[in-house]
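See structure below.
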Amino acid sequence: MNYWLMKTEPSTFSIEDLAKAPRRTTHWDGVRNYQARNMLRDEMAKGDRVFLYHSSCAVPGIVGIARIARAGYPDHTQFDPKSDHYDPASRREAPRWYMVDVTLERRFPREITLETLRTHARGALDGLLLLRAGNRLSILPVTESQWNFILSLA
DNA sequence: GCCAACGTTGGC
DNA sequence: GCCAACGTTGGC
């Protein structure tokens, strides 16, 4: 079992939106970064656990937990000219972009803020990729010990 | 293959 | 809105 952190901008898609989705499940489309693509396509497995992170908002932080409900499969929005995520260079025979399905599992009563996480940057969360300066990946692996420590903060 | 220009991310 | 970080693009 692997652990991950997935970012979303709540103004676009928030944990409340996921809570309201049918079966609290959605496909996680729109990732257009090769490193993140490789994780979606090759590494994320059904049952993996995910921290949901709100970025680009007033109080960035981890807001809950989800589970991978379906492993990587082609992101259909890459073929849709009307989509913001349309990629005219991607071919159906060789899709460039992938997505997974995620199911909301738990919403934290209070989010674990980025500020809180930072206070442990030189301790239990040393090496957490989210805290690395300039990190821009929208999907990050989390170690089991990081996962357990962060959960203890919830 | 180099690298400058450009675009995006994301905290503040 | 600013700006640092960093990925991508494209000319050479």
Side-chain angles (χ1 to χ4, degrees), chain A residues 2-21 26-44 48-66 68 71-102 104-143 145-147 149-154:
Chain A
N2 291 311
Y3 301 93
W4 308 94
L5 181 145
M6 297 171 86
K7 298 178 187 173
T8 183
E9 295 187 22
S11 59
T12 303
F13 187 85
S14 70
I15 192 168
E16 296 98 277
D17 295 321
L18 182 55
K20 283 184 288 190
T26 191
H27 50 253
W28 203 267
D29 62 276
V31 175
R32 294 294 182 269
N33 168 283
Y34 286 103
Q35 240 181 300
R37 186 281 309 270
N38 292 346
M39 291 187 266
L40 287 168
R41 187 189 59 189
D42 306 329
E43 296 179 46
M44 295 178 110
D48 281 0
R49 307 184 78 192
V50 178
F51 282 132
L52 294 174
Y53 179 87
H54 279 175
S55 67
S56 295
C57 56
V59 185
I62 296 171
V63 291
I65 295 172
I68 301 297
Y73 61 105
D75 177 344
H76 56 79
T77 64
Q78 70 195 298
F79 305 120
D80 178 2
K82 294 192 292 291
S83 169
D84 288 343
H85 304 297
Y86 179 53
D87 181 353
S90 183
R91 294 172 298 117
R92 284 183 184 275
E93 320 84 74
R96 181 177 292 179
W97 306 114
Y98 281 70
M99 62 186 182
V100 295
D101 290 353
V102 301
L104 178 63
E105 186 162 293
R106 175 174 165 197
R107 210 172 148 176
F108 296 145
R110 278 172 301 162
E111 70 187 295
I112 306 167
T113 66
L114 178 61
E115 190 184 9
T116 296
L117 294 170
R118 274 197 206 292
T119 64
H120 302 284
R122 289 180 215 292
L125 297 182
D126 183 39
L128 185 70
L129 292 174
L130 182 72
L131 301 179
R132 205 195 58 194
N135 127 71
R136 292 174 41 193
L137 266 185
S138 62
I139 297 173
L140 303 167
V142 173
T143 68
S145 65
Q146 290 165 348
W147 176 275
F149 181 79
I150 292 169
L151 257 195
S152 76
L153 300 174

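In this text the structure is predicted, and so the values were computed from the model without any measurement.
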Show me the donor-acceptor pairs within less than 3.5 Å that the side chains of residues 117-130 of chain A make with the rest of the protein, sequence neighbours left out.
{"from": "Thr119(A)", "atom 1": "OG1", "to": "Thr116(A)", "atom 2": "O", "distance (Å)": "2.6"}

**Q.** Residue pair Thr26(A) / Asp101(A), side-chain heavy-atom distance below 4.5 Å
**A.**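 No, their side chains stay 4.5 Å or more apart.
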Q: Check whether any side-chain heavy atom of Tyr73(A) sits under 4.5 Å from a side-chain heavy atom of His27(A), and report yes or no.
A: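 In contact.
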Atom-to-atom span, [atom1] of [X] to [atom2] of [N] - whole angstrom:
{"X": "Leu129(A)", "N": "dG10(B)", "atom1": "CG", "atom2": "P", "answer": "13 Å"}
{"X": "Leu137(A)", "N": "dG10(B)", "atom1": "CG", "atom2": "C1'", "answer": "13 Å"}
{"X": "Leu130(A)", "N": "dT9(B)", "atom1": "CG", "atom2": "C1'", "answer": "13 Å"}
{"X": "Asn135(A)", "N": "dT9(B)", "atom1": "CG", "atom2": "P", "answer": "13 Å"}

Q | Closest approach of Met39(A) to Pro141(A) (non-hydrogen atoms, all atoms of both residues) | A |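 The pair with the smallest heavy-atom distance is SD-CD, 3.8 Å.
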Q.
Test of understanding: with side-chain contact (heavy atoms from CB on, under 4.5 Å), list the residues that count as partners of Phe108(A), not counting sequence neighbours.
A.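 Applying side-chain contact (heavy atoms from CB on, under 4.5 Å) to Phe108(A) gives Phe51(A), Ile62(A), Ile65(A), Arg106(A), Ile112(A), Leu151(A), Ala154(A).
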Q: Summarise protein proximity over nucleotides 3-8 of chain B in one line of letters, 5' to 3': B for base, S for sugar-phosphate only, - for none, counting protein heavy atoms closer than 4.0 Å.
A: ----BB
Q) Looking only at side-chain N and O atoms, does Lys7(A) come under 4.0 Å of OP1 or OP2 in dT9(B)? A)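 Result: no.
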Q | dG11(B) OP1/OP2 closer than 4.0 Å to side-chain N/O of Tyr53(A) | A |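 For dG11(B), OP1/OP2 do have a side-chain N/O of Tyr53(A) under 4.0 Å.
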Q | Salt bridge flag under 4.0 Å for residues Arg32(A) and Asp75(A) | A |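 Yes.
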(Q) Could you work out, with salt bridge (charged side-chain N to carboxylate O under 4.0 Å, His left out) as the rule, every residue matching Arg136(A), not counting sequence neighbours? (A)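 In terms of salt bridge (charged side-chain N to carboxylate O under 4.0 Å, His left out), with neighbours along the sequence ignored, Arg136(A) is linked to no residue.
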What side-chain donor-acceptor pairs closer than 3.5 Å can you find for residues 6-17 of chain A, not counting sequence neighbours?
{"from": "Lys7(A)", "atom 1": "NZ", "to": "Asn135(A)", "atom 2": "OD1", "distance (Å)": "3.3"}
{"from": "Lys7(A)", "atom 1": "NZ", "to": "Leu137(A)", "atom 2": "O", "distance (Å)": "2.9"}
{"from": "Thr8(A)", "atom 1": "OG1", "to": "Phe13(A)", "atom 2": "O", "distance (Å)": "2.6"}
{"from": "Ser14(A)", "atom 1": "OG", "to": "Glu16(A)", "atom 2": "N", "distance (Å)": "3.2"}
{"from": "Ser14(A)", "atom 1": "OG", "to": "Asp17(A)", "atom 2": "N", "distance (Å)": "3.3"}
{"from": "Ser14(A)", "atom 1": "OG", "to": "Asp17(A)", "atom 2": "OD2", "distance (Å)": "3.3"}
{"from": "Asp17(A)", "atom 1": "OD2", "to": "Ser14(A)", "atom 2": "N", "distance (Å)": "2.8"}

Q: Give, ordered by number, those residues of residues 112-124 of chain A having at least one heavy-atom distance below 4.0 Å to an atom of DNA chain B; if nothing qualifies, reply none.
A: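 Hits under 4.0 Å, by residue number: Leu114(A), Arg118(A).
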